[in-house]
Asks: 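Let me begin by handing over the structure; questions about it come next.
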Amino acid sequence: MSKPDTSKAKNSKTEDKPLKPEGRRKAILIVVLCIIVALFIGGRRGLMKRRDAAERYFYGTNDNDEDSVVYYLNERISSAGNLLIIARRYLSENDKLITDVSQSCEKLEKADDPKGKYEYNEKLTESCDALIGQLKLQNLSSTDKSFLDGIKADMDSSLQIMGHLEYNTTAAQFNALLGKFPTNIVRLYTFVRPLTLFDY
């Protein structure tokens, strides 16, 4: 007489055994980690999409570069270059005021994000104002005096125009989104930064 097959019964008993506390904790931890990773990837992707949309207005990749902040920053760099041409007629090439303007132009041009562009644009304004102030103390020709006034007006005008560009509107909306719940929580672990405004 053959013995009864008890392997199936043993297997079913093994399958019915509940997870040990250690195994249960590991399973829960894995599920939680998967949720966190999904939130990180999805949350960051969504926020960066909104951020990129605003930055298109900054860099001029929205099919209208003349409405971009970078366009008017480049206009200011060009005006500063004209200012240097006048300054070199009256001051030494190594004059600190001339060097400061030249370096500010280079750093502004090389900066690759709105925050950096804003900081070096502020330095450009400061260095150009200092140089203009010094030039006004020189015995300028009537032509150069007129050019100097025009350069100052052009640089100030570019600042005012930047303050009214679409970039500031979209960047402000994005920054406001980052401050709202639950986005303000998501941004903490996705490392998404607010955008710098050029609200002159």
Asks: At what distance, to the nearest 0.5 angstrom, does CG of Leu124 lie from CG of Leu73?
Replies: 9.0 Å

Asks: Grab the two heavy atoms, one from Ser92 and one from Ile98, that are nearest each other, plus how far apart they are.
Replies: O-CD1, 3.2 Å

Asks: Between Leu148 and Leu135, what is the shortest heavy-atom contact and its length?
Replies: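 For Leu148 and Leu135, the tightest heavy-atom pair comes out as CD1-CD1, 3.8 Å.
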
Asks: Assigning hydrophobic clusters by single linkage (Ile, Leu, Val, Met, Phe, Trp, Tyr; side-chain heavy-atom cutoff under 4.5 Å), is Leu140 placed with Ile85?
Replies: no

Asks: Is the shortest side-chain N to carboxylate O distance from Asp156 to Lys152 below 4.0 Å?
Replies: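 So Asp156 pairs with Lys152 through a salt bridge.
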
Asks: Using every non-hydrogen atom in the two residues, find where Tyr59 and Asp112 come nearest and quote the distance to one decimal.
Replies: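 Heavy atoms only, the tightest pair is OH-O, 2.9 Å.
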
Asks: Under a 4.5 Å side-chain heavy-atom rule over Ile, Leu, Val, Met, Phe, Trp and Tyr, are Leu197 and Tyr57 clustered together?
Replies: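 Result: no, two separate clusters.
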
Asks: Would you give the length of the straight line joining atom SG of Cys105 to atom CG of Asp100, rounded to the nearest 0.5 angstrom?
Replies: 11.0 Å

Asks: For Met162 versus Asn168, what's the shortest heavy-atom pair and its separation?
Replies: O-ND2, 2.6 Å

Asks: Any Lys/Arg nitrogen of Glu106 or Lys110 sitting under 4.0 Å from an Asp/Glu carboxylate oxygen of the other?
Replies: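 Result for this pair is no, no salt bridge flagged.
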
Asks: Report the relative orientation of the aromatic rings in Tyr167 and Phe198; use parallel for angles under 30°, tilted for 30 to 60°, perpendicular for over 60°.
Replies: perpendicular

Asks: Looking only at atom types and distance, does a side-chain atom of Arg51 sit under 3.5 Å from a main-chain N or O of Arg193, one as donor and one as acceptor?
Replies: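 Answer holds: yes.
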
Asks: Can you see whether Thr170 engages Arg56 through a side-chain donor-acceptor pair at a distance of less than 3.5 angstrom?
Replies: no

Asks: So, Glu119 and Lys115, do they make that salt bridge, N to O below 4.0 Å?
Replies: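 Judged by the 4.0 Å cut-off on N to carboxylate O distance, Glu119 and Lys115 do form a salt bridge.
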
Asks: Flag the pair Asn121 / Leu159 as yes when at least one side-chain heavy-atom distance between them is below 4.5 Å, and no otherwise.
Replies: yes

Asks: About how many Å separate OG1 of Thr196 and CZ of Phe58, when rounded to the nearest 0.5 Å?
Replies: 8.0 Å

Asks: With rounding to the nearest 0.5 Å, note down the distance linking OG in Ser68 to CD in Glu55.
Replies: 12.5 Å

Asks: With rounding to the nearest 0.5 angstrom, report the CE to CG distance, Met155 to Asp129.
Replies: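 Here the rounded value is 8.0 Å.
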
Asks: Between Asp67 (side chain) and Leu165 (backbone), is there a donor-acceptor pair under 3.5 Å?
Replies: no

Asks: Please report the interatomic distance CZ(Arg50) to CZ(Phe174), rounded to the nearest 0.5 Å.
Replies: 8.0 Å

Asks: So for atom CD, which belongs to Glu109, do other residues, nucleotides or ligands contribute more than 12 heavy atoms lying within a distance under 6.0 Å?
Replies: no

Asks: Does the side chain of Leu83 reach to within under 4.5 Å of the side chain of Cys128, using non-hydrogen atoms?
Replies: yes

Asks: Identify the two heavy atoms, one from Ser158 and one from Glu75, that lie closest to each other, and give their separation to 0.1 Å.
Replies: OG-CB, 4.0 Å

Asks: Verify the cluster assignment for Tyr71 and Ile77: are they in a single hydrophobic cluster under the rule of side-chain heavy atoms below 4.5 Å apart?
Replies: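 Yes, Tyr71 and Ile77 fall within the same hydrophobic cluster.
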
Asks: State whether the number of non-hydrogen atoms from other residues, nucleotides or ligands found under 6.0 Å of Tyr90 atom OH is greater than 12.
Replies: yes

Asks: Can you give me the closest heavy-atom contact between Leu178 and Val192, atom names plus distance?
Replies: CD1-O, 4.2 Å

